[in-house]
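Data first, discussion second: the structure below is written as structure tokens.
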Amino acid sequence: MDATYATTAHATGDGRDGHVQTDDGLVDMDLRIPKEMGGQGGAANPEQLFAAGYAACFHSALKVVGRERNADVTGTEVSVTIGIGPRPGGAFGLGAEIDVHIPGADAATAQELAERAHEVCPYSNATRGNMEVQLTIV
């Protein structure tokens with residue numbers, strides 16, 4: 001792949017109880033294991049960062065698809081919930097729930113736009129076949 005953009009992040013400390021920082025310093029934060037996973041909480045965690053990135057990326061894809069199809073994508077919103085849990089064999093896996101709100105479109109058009117955005121979004125392409133994704137029009 002010929003990358004148009006690339007960025008590098010560094011993790012130090014104890015991984016999920018550590019620190020992450022990008023080369024440009026725009027991301028520079030402590031991470032903590034959430035209380036629900038037995039940690040102390042009180043700081044961001046990798047799943048939150050992944051959910052934020054996926055939501056922003058999917059929303060951009062939705063806007064692109066909407067413009068291509070001359071659809072009204074004014075006031076659209078995308079929410080992504082990332083879950084983590086055990087998989088058979090002792091490993092852990094992720095799942096995603098993507099909620100898409102397109103107030104200017106009827107249900108069929110909204111579904112079509114969301115499904116097309118799911119085909120276009122780089123996060124969706126990276127995770128396709130690797131984790132369960134539920135796409136819902138809200």
Side-chain angles (χ1 to χ4, degrees):
M1 180 184 79
D2 186 18
T4 303
Y5 170 77
T7 187
T8 302
H10 308 276
T12 57
D14 292 326
R16 290 178 167 273
D17 271 329
H19 190 87
V20 291
Q21 181 176 3
T22 55
D23 278 349
D24 61 11
L26 293 175
V27 174
D28 186 356
M29 61 194 317
D30 289 333
L31 301 176
R32 295 289 174 263
I33 297 172
K35 290 181 181 182
E36 296 84 350
M37 292 177 65
Q40 69 182 24
N45 62 66
E47 290 69 39
Q48 290 172 321
L49 298 174
F50 185 55
Y54 202 160
C57 188
F58 195 97
H59 197 204
S60 290
L62 181 66
K63 293 285 195 168
V64 166
V65 168
R67 283 190 296 273
E68 287 175 353
R69 302 204 175 175
N70 294 318
D72 182 2
V73 289
T74 305
T76 55
E77 297 179 16
V78 173
S79 299
V80 173
T81 302
I82 297 294
I84 184 172
R87 295 177 54 172
F92 283 85
L94 299 174
E97 296 175 14
I98 304 172
D99 292 337
V100 180
H101 178 61
I102 308 174
D106 60 57
T109 301
Q111 187 69 40
E112 178 187 332
L113 292 172
E115 288 176 6
R116 179 65 183 137
H118 194 40
E119 294 172 5
V120 171
C121 174
Y123 276 63
S124 292
N125 288 325
T127 60
R128 186 169 286 107
N130 296 311
M131 66 184 223
E132 187 176 318
V133 176
Q134 179 182 347
L135 184 60
T136 305
I137 305 301
V138 295

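Quick note: residue numbers are just sequence positions, from 1.
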Exercise. Are any of the side-chain heavy atoms of Leu62 and Leu113 separated by less than 4.5 Å?
Worked result: yes
For this session: Please answer: with hydrophobic residues joined when any side-chain heavy atoms are less than 4.5 Å apart, are Leu94 and Val20 in the same cluster?
Result: no
Problem set entry | Arg128 side chain vs His118 backbone, donor-acceptor pair below 3.5 Å | yes
For this session: Quick one: closest heavy-atom pair of Ala110 and Ala105, and the distance?
Result: N-CB, 4.0 Å
For this session: Answer with yes or no whether the hydrophobic clustering places Ile33 together with Leu31; edges join I, L, V, M, F, W, Y residues whose side-chain heavy atoms lie under 4.5 Å apart.
Result: no
For this session: Kindly say whether Ser79 contributes a backbone atom to a donor-acceptor pair with the side chain of His101 at under 3.5 angstrom?
Result: no
For this session: For the pair Asn130 (side chain) and Ala126 (backbone), establish whether a donor and an acceptor sit closer than 3.5 Å, ignoring hydrogens and angles.
Result: yes
Exercise. About how many Å separate CD of Gln111 and CG of Asp106, when rounded to the nearest 0.5 Å?
Worked result: 11.0 Å
Problem set entry | side-chain hydrogen bond (donor to acceptor under 3.5 Å, both in side chains) partner of His19, chosen from Asp28, Thr12, Asp14 | Asp28
Exercise. Of all residues at least two apart in sequence or in a different chain, which pass the side chain to side chain donor-acceptor pair (under 3.5 Å) check with Gln48?
Worked result: Asn45
Problem set entry | Heavy-atom check, side chain of Asp23 versus side chain of His10, under 4.5 Å | yes
For this session: Kindly indicate, with the supporting measurements, whether the criterion side-chain contact (heavy atoms from CB on, under 4.5 Å) is fulfilled by Val78 and Ile98.
Result: CA-CA 7 Å; Val78 173; Ile98 304 172; 4.0 Å; yes
For this session: For residues Lys35 and Gln40, report the shortest heavy-atom separation together with the two atoms involved.
Result: CE-O, 3.3 Å
Problem set entry | Test side chain to side chain donor-acceptor pair (under 3.5 Å) applied to Asp99 - qualifying residues, sequence neighbours left out | none
Exercise. In terms of hydrophobic clusters joined by side-chain contacts under 4.5 Å, are Val120 and Tyr54 together?
Worked result: yes
Problem set entry | Lys/Arg N to Asp/Glu carboxylate O, Arg16 vs Glu47, below 4.0 Å | yes
For this session: Decide yes or no for Tyr123 and Val80: does some side-chain heavy atom of the first lie under 4.5 Å from some side-chain heavy atom of the second?
Result: no
For this session: With sequence neighbours left out, write down each residue that passes salt bridge (charged side-chain N to carboxylate O under 4.0 Å, His left out) with Glu97, or none if nothing qualifies.
Result: none
For this session: Heavy atoms only: give me the nearest Pro86-Phe92 pair and the separation to one decimal.
Result: N-CD2, 3.8 Å
Seminar exercise, completed: Closest heavy-atom pair, Ala61 versus Ala117, reported as atoms and distance to 0.1 Å, is CB-O, 3.8 Å
Problem set entry | Leu49 vs Met29 side-chain heavy atoms within contact, under 4.5 Å | yes
For this session: Find out whether Met131 and Ile82 are in side-chain contact, i.e. whether some heavy atom of one side chain is under 4.5 Å from a heavy atom of the other.
Result: yes
Exercise. Taking C-beta and beyond as the side chain, do Ile84 and Phe50 meet within less than 4.5 Å on heavy atoms?
Worked result: no
Exercise. Does any non-hydrogen side-chain atom of Thr136 lie less than 4.5 Å from one of Val138?
Worked result: yes
